[in-house]
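Take a look at the structure below.
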Amino acid sequence: MSRVAEKLRQLRIDAGLLTGSSAGGHSSCVVPASRASASANPTVAREPPRLDVLRKLMRQREEPQPRKLDAPAGDEIAPGLRLVERTFNYEASATLVVPAMGDIAFDRRRLLCFDTETTGLAGGVGTRAFMIGVAAWKDGQLCVRQLYLTAIAGERAMLQMFAGWLSAETILVSYNGKSYDAPLLKGRLRLNRVSHRLAELPHIDWLHPTRRVYKEHLPNCKLSTIEREVLHIVREDDLPGSEAPAAWLSFLRGQSSVNLGRVLDHNRQDVITLMRLGDHLVSKLS
Amino acid sequence: MATLMSLANEPVVQDSASASVERLVERWASKYGDRITGYLRRPAQPAVTADFPSELSDELREALERRGIEALYSHQREAWDHVQRGEHVVVVTPTASGKTLCYNLPVIEGVRQAKAKALYLFPTKALAQDQVAELLELNAAGTLGLRAFTFDGDTPSDARQAIRIKGDIVVSNPDMLHQAILPHHTKWAQFFESLRYVVIDEVHTYRGVFGSHVANVIRRLRRVCAFYGVSPTFIFCSATIGNPKEHAEALLGEAVHAVTRSGAPCGERHVLLWNPPVINPDLGIRASARSQSMRLARHAIRAKMKTIVFAQSRLMVEVLTKYLKDVFDHDPRKPVRIRAYRGGYLPTERRETERALRAGQVDGVVSTSALELGVDIGALDVAILNGFPGSIAATWQRLGRAGRRLKPSLGILVASSQALDQYVVRHPEFFDSAPPEQARIAPDQLLIKLDHIRCAAFELPFLTGESFGDSPADDFLGVLAESGVLHHEGDRWDWIADSYPAGAVSLRSVADGNFVVVDRSDGRQTVIAEVDFSSAALTLYEGAIYMIQSSPFQVERLDWEGRKAFVTRTTADYYTDAIDYTKLKVLERFDGANAGRGTSHHGEVHVVRHVSGYKKIRFYSHENIGYGPVNLPDQELHTSALWWQLTQAVLEASFASRQDALDGFLGAAHALHTVASVRAMADGRDLQKAVGSGDAAWFATRDAKGRGQWREPDGQAGDPERADVFLPTLYLYDNFPGGMGLSEPLFRSARLLVREAMMLVESCDCTYGCPACIGPVSEADEDARATQRECAAAVLALLDA
């Protein structure tokens, strides 16, 4: 441990931030050995609290290299970025009228259902999306594309790819995306200096229409509840969204890739459900 | 450039006011002459003005002229010239000297001519609102088209978006910058891309822990600015402190030009130092400061002088206001003459009081330090300070509340019985000549820096080798990666945790694992208070009476690991006081010097505080009605300290017994702690004292009579004569994990501290020793060969070079 790191650990024990057990086995009542030895020689010259280059190199050498795991699915399209594509049959009218978008019928191909999986709900620029799924309809088929990160270095490429999927014609479709996914992506796009048209595009967020219709009838308006109770979609072995951050971190740290595969399944179902929910609400509201 | 002239609207002398101030002082001097320990007069200063800079736009010049401003004061012009050269500037001039124009002029011109944006930071919301009001008035006086908004905790969320995009000048505070703006900087992208000025007012308040945090928030701000490709000019303002340039440079980490010569006029200032009369000469007990302040305030208000009384606590504000209202506001049909002002009042109520003060409708106002800062309250004649505010700088700041423009003013510092107060009023020459205190910060304090590197990593990823402050952050990043909040990949360190780190970092304290106090009365489970980790062992032991709003709760169970204390309401007629021992051990000696026949040192120490039990003390009678045991882990602290030592040989030659030497060390520690607290501009709590050996082999405390007691490391009383080695050590240490940079500058002035402590002890009026010099001594010890005061003086004399 470097001198600064060791000192910090000690001070955090002093401040009650670390308890004996979480501080690497040292009880808070015991003066650690290194400290005791320093006191045996109180005239030791004050060493600047910096590591010399050699010690730093040694420490880095000692750092265990994370095990490289096989990614659960898809192709690597840029360093640290993978793309998964699946196509599903989806028979539906080629045009539709959405009350919120005026009474004009528009081309279903313009809809881009999207959903992100993120490192958490804390908010602020430090929360990032590690997976973006989109679903678009064409000729009786629903094409689902999912981007996900296998290394943080892939973030910029992921955002560029996603930004490239947005055309001037695109209509965004989401569930709570207006207040959660879109602002989060905008922040990350800005941070990675990727230009985009996210702010200009029309955006249908089904959360509020759903609430209006079902608030009285269902215990809550979570997408999974609507899906089960209204659309009668049954998921098998679904990983709850709240466990997604841990699943990705576990993969990133070289511990396990199993749950990341389940996050992909979960996210894929979410964007498919978005298209179905739209059709359901359009028929219900019109 | 600067010319000497007086502005037309400022008559040089107002004879009637001058006469009434002098009449009041004469009356008091003849009646209470022995209570006035010092009388200082500061002469009036005429205005020094300068022309408007030629670059100033016509619109702004007209707006100024319409508000009656025909020329600039010399310091306003000096600030303008340096800011135009792209230099960072700190302006240090007295209250009401027109500091705000020093930054408003360049900012307004920048906004108008270059579409620049500016961020203003004030320590409090009230000051921020004042500032916006002033900007809008100036705006209204011309057609400047400025858009200035406050952005603080009260700003509604629907207004925030508009402020981020439309605000030319956003007025906020460091806490908001830290917790709401920087962690969401992408939402402020447009603002940051055009940010050209950052104005930070009242920087003298950013010292100690708070200042060290703010310096790190500024580091984060500049890091985010660099991301958006801007490098704003910083304009700082400060009340008078001893080291404005150095302090601003420590906050910013770059060279800053200091503007220190005020061109604003001011009237003659009369200052009285007032010591309440002695009631019990043996114990050094004096009449209360409160009774004296009230008497002075009544006289002043009856003499038709607008008066402000500063009290040290919110409670005291209420008490004093009641006493004055009982005299002056007993007739409900007449307009209110006395008002109170303090934190905790609703903003609307405070604005109303400020307005009434400016309009001259209030005859007396009682306030906490809330009115010490630059809130605009117009002209007052008399300032009465009920107790020494803790620093010379804050004293002048409060005294400065009386006397605007060229009117003569009167300030009275009324001393309480506390050591600091007594020191100051008994040394008028010190008060008169002492340079104002130096503001100190320790931006590289390890725990504080770690907190802000954590926040900074959330805001933007770090690259290996990237500096934060003066040095690379890598070691800190390694610690954060180890705890799982950062991910290290290639040469990048990215935030990876699901948390919002700024939310967990308070700028007002060193991070610690706070305890919550849970009330379980009547089967409830309510959190009623939070207690710092460092004071938990002293206040939350099982059996302790914990008081909130003066209602007593008893601690039933303390969950140390879970950081929770469970309490129930009680009707106990006693309170509890912990019995604690502090042991110090020197870990590392950084520097040393001779101190008379002994030595002084500076270095790192290990402090262990052990709470062994508690006393039960009955309310009102204060008698001790029992003891209880406490079984808690020791509190440890690794911090920096300065200490003094005298060798066994010197002590044996100078003292009749080791007991006398021990008493001397404890008394000297009290006196040195007092003078060091004044010098370091520190709260008594931030700097602590202790007496013991250098290796934690023994330590000394005072017993109930104030006599020194030798204690073994386990707290058992022992006999100093029986020890083989006798090397008493007197410590002053920073009471924060890792230290706050207080002790090193104190070590540099160690000689001066000893000299001042000697003066304090020698010139005290008491006989045996009192709280004002060597600490409380309950009674004369008949058997003692020397008084404790003589012992303390002897120790100090031996340390005096």
Side-chain angles (χ1 to χ4, degrees), chain A residues 1-5 7-21 27-29 31 35-36 38-39 41-46 48-51 56 59 63 66 80 118-128 151-153 155 183 186-191 245-246 249 252-253, chain B residues 183-187 189 227 446-447 450 457-461 471-472 474-476 478-479 482 484 487-490 492 494-503 510-515 533-534 536 561 563 585-591 603 606 633-639 694-695 737-738:
Chain A
M1 211 188 288
S2 78
R3 190 182 151 89
V4 167
K7 210 161 174 163
L8 274 166
R9 193 186 57 78
Q10 195 129 61
L11 296 178
R12 293 170 87 199
I13 294 173
D14 288 356
L17 291 165
L18 299 178
T19 58
S21 48
S27 143
S28 58
C29 310
V31 181
R35 196 37 83 187
S39 67
N41 179 13
T43 53
V44 66
R46 176 144 71 144
R50 291 285 145 234
L51 273 182
K56 193 151 73 186
R59 192 168 68 90
E63 232 171 52
T118 67
T119 53
L121 298 171
V125 291
T127 305
R128 75 182 76 224
I152 290 194
E155 186 184 17
K186 274 186 219 162
R188 298 308 300 186
L189 286 157
R190 188 68 193 71
L191 209 59
L249 271 183
L252 195 67
R253 291 176 175 154
Chain B
H184 285 283
H185 64 83
T186 51
K187 290 184 182 166
F227 175 78
L446 290 177
L447 287 179
L450 180 70
F458 178 89
E459 287 149 13
L460 290 168
S471 50
D474 299 39
D475 291 337
F476 294 84
V479 169
E482 225 167 84
H487 181 71
H488 188 190
E489 185 182 292
R492 281 177 58 152
D494 274 89
W495 183 261
I496 206 74
D498 181 16
S499 59
Y500 189 83
V510 175
D512 64 13
N514 278 357
F515 279 71
F533 180 78
S534 57
E561 293 290 315
R563 306 279 191 258
K585 178 152 80 177
V586 174
L587 297 177
E588 211 174 304
R589 214 169 287 174
F590 299 154
D591 207 347
H606 177 225
D634 287 349
Q635 302 288 294
E636 288 193 79
L637 186 64
H638 294 82
T639 183
D695 53 359

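In what follows, chains are A, B, ... by sequence order, proteins preceding strands, each numbered from 1.
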Out of B:Glu459, B:Glu489, B:Lys187, B:Gln635, return the one with the most heavy atom pairs under 4.5 angstrom to chain A. B:Glu489
Chain A heavy atoms under 4.5 Å from B:Ile496: which part of the residue, side chain, backbone, both or neither? both
So how far is it from A:Leu252 CG to B:His487 NE2, rounded to the nearest 0.5 Å? 3.5 Å
Considering non-hydrogen atoms only, spot the tightest contact between A:Asp14 and B:Pro737 and give its length. CB-CB, 3.9 Å
Which atom pair, heavy atoms only, marks the closest approach of B:Leu447 to A:Arg12? CD2-CG, 3.4 Å
Chain B shares the most heavy-atom pairs under 4.5 Å, among A:Leu189, A:Leu249, A:Thr119, A:Ile152, with A:Ile152
Mind listing the closest non-hydrogen atom pair of A:Leu11 and B:His638 along with its distance? CD2-O, 3.5 Å
B:Asp475 CG to A:Leu8 CG distance, which is reported to the nearest 0.5 Å: 8.5 Å
Which atom pair, heavy atoms only, marks the closest approach of B:His184 to A:Gly123? CE1-C, 4.5 Å
Looking at B:Phe227 and A:Leu191, what are the two nearest heavy atoms and their distance? CZ-O, 3.2 Å
Could you walk me through whether A:Val125 and B:His185 pass the side chain to side chain contact (heavy atoms under 4.5 Å, CB included) test, one step at a time? CA-CA 7 Å; A:Val125 291; B:His185 64 83; 3.8 Å; yes
Please find the pair of heavy atoms, one from A:Gly124 and one from B:Tyr500, that lie closest to each other, and give the distance. CA-CE1, 4.0 Å
Euclidean distance, B:Asp498 CG relative to A:Thr118 OG1, rounded to 0.5 Å: 7.0 Å
Got a donor-acceptor contact below 3.5 angstrom from the A:Arg128 side chain to the B:Trp495 backbone? yes
Quick one: CZ on A:Arg9 to CD on B:Glu482, what's the gap to the nearest 0.5 Å? 9.5 Å
